[in-house]
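Written out below as structure tokens is the structure these notes cover.
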Amino acid sequence: MIKIDALPAFSDNYIWLLQDPEQRRCAVVDPGDAAPVEAWLTANPGWQLSDILITHHHFDHVGGIEQLKASSGARVLGPANEKIPRRDLALGESDRVTVLGHDFQVIEVPGHTLGHIAYHQADQHWLFCGDTLFAGGCGRLFEGTPQQMHASLSRLAALPEQTQVYCTHEYTLSNLRFATTVEPLNTQIAQRLEQVSQWRAAGQISLPSSIGLERATNPFLRSAQAAVSTTLAARDGIKERSNIEAFAALRAWKDSF
Ligand code: ZN
Ligand code: FE
């Protein structure tokens, strides 16, 4: 049985820590900083860090690789199409990799960056999606086009609804505030905002999310909804637009929200 915990890093990053208590082995996803991981390993003597999974090249996701690789010798897995320090295994679309005895499939999700990948474990319903799909939101378009990001998010949204979404940032509250502005009449969004507000006020993490919950409450997966078109049209007067145009308009709006 694998246990998954979040190690907080920087101001709002999470480094996901997968633990196999029987083998006393663990893996981390996107260690932007080595310190929280090394602190955990120090507090849990006898554990071996076996794998470092990387979703994309941004510093807050790769900054801890060098130090962790040097101290543990862990295997570094990362996207083939990006420059990742100390990478041992270069991964692309549909590649399969075994981590802690579990089979993960790689999904290419360009948009936030061009080489961004996600790791999906279909039996356990885990998705490690970096800065692509967030709880209630999505990553900024630093390198890709709205079309690419829309296609990437559509692929993730098509995963089974019980899939647990392990994204890398605690942005949920601000994302849901935006979501209520986009869909003021959506009661599931309102309820989720209320719930996450309580969690955050109590110092609790808002993750993981699930694909089912994201489909119901994440405006970036809902650009085809009539309620979203209505809100966008009220803002700029444009009544006809494609799903991708609606997605692009939402993303641009959120950038300055
Ligand atoms: Zn990033
Ligand atoms: Fe990030």
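Just follow the structure's listing: the first ligand is 1, and inside any ligand the first atom is 1.
- If you put the vertex on the Fe ion (ligand 2), OD2 of Asp60 and OD2 of Asp131 sit 170° apart, to the nearest 10°.
- Using a 4.0 Å cut-off between charged nitrogen and carboxylate oxygen, Arg251 and Asp255 count as a salt-bridge pair.
- The distance from the Fe ion (ligand 2) to the nearest N/O/S atom of His169 is under 2.8 Å.
- For an aromatic pair to be called close, the ring centres must be under 6.0 Å apart, and His125 with His120 fails this.
- In terms of modelled atom types and a separation under 3.5 Å, the side chain of Glu143 and the main chain of Leu114 share a donor-acceptor contact.
- For the Fe ion (ligand 2), the set of nearby N, O or S atoms under 2.8 Å includes none belonging to His56.
- Surrounding CD of Gln204 are more than 12 heavy atoms belonging to other residues, nucleotides or ligands, all under 6.0 Å away.
- Residues Thr217 and Gln188 bring no donor and acceptor atom of their side chains to less than 3.5 Å of each other.
- Within Asp131, the N/O/S atom positioned nearest the Zn ion (ligand 1) carries the name OD2.
- Of all N, O or S atoms in His112, the one lying closest to the Zn ion (ligand 1) is NE2.
- Between Arg200 and Glu170 a salt bridge is recorded (basic side-chain N to carboxylate O distance below 4.0 Å).
- With a cut-off of 2.8 Å, the Zn ion (ligand 1) has no N, O or S atom of His61 in range.
- Within His58, the N, O or S atom at minimum distance from the Zn ion (ligand 1) carries the name ND1.
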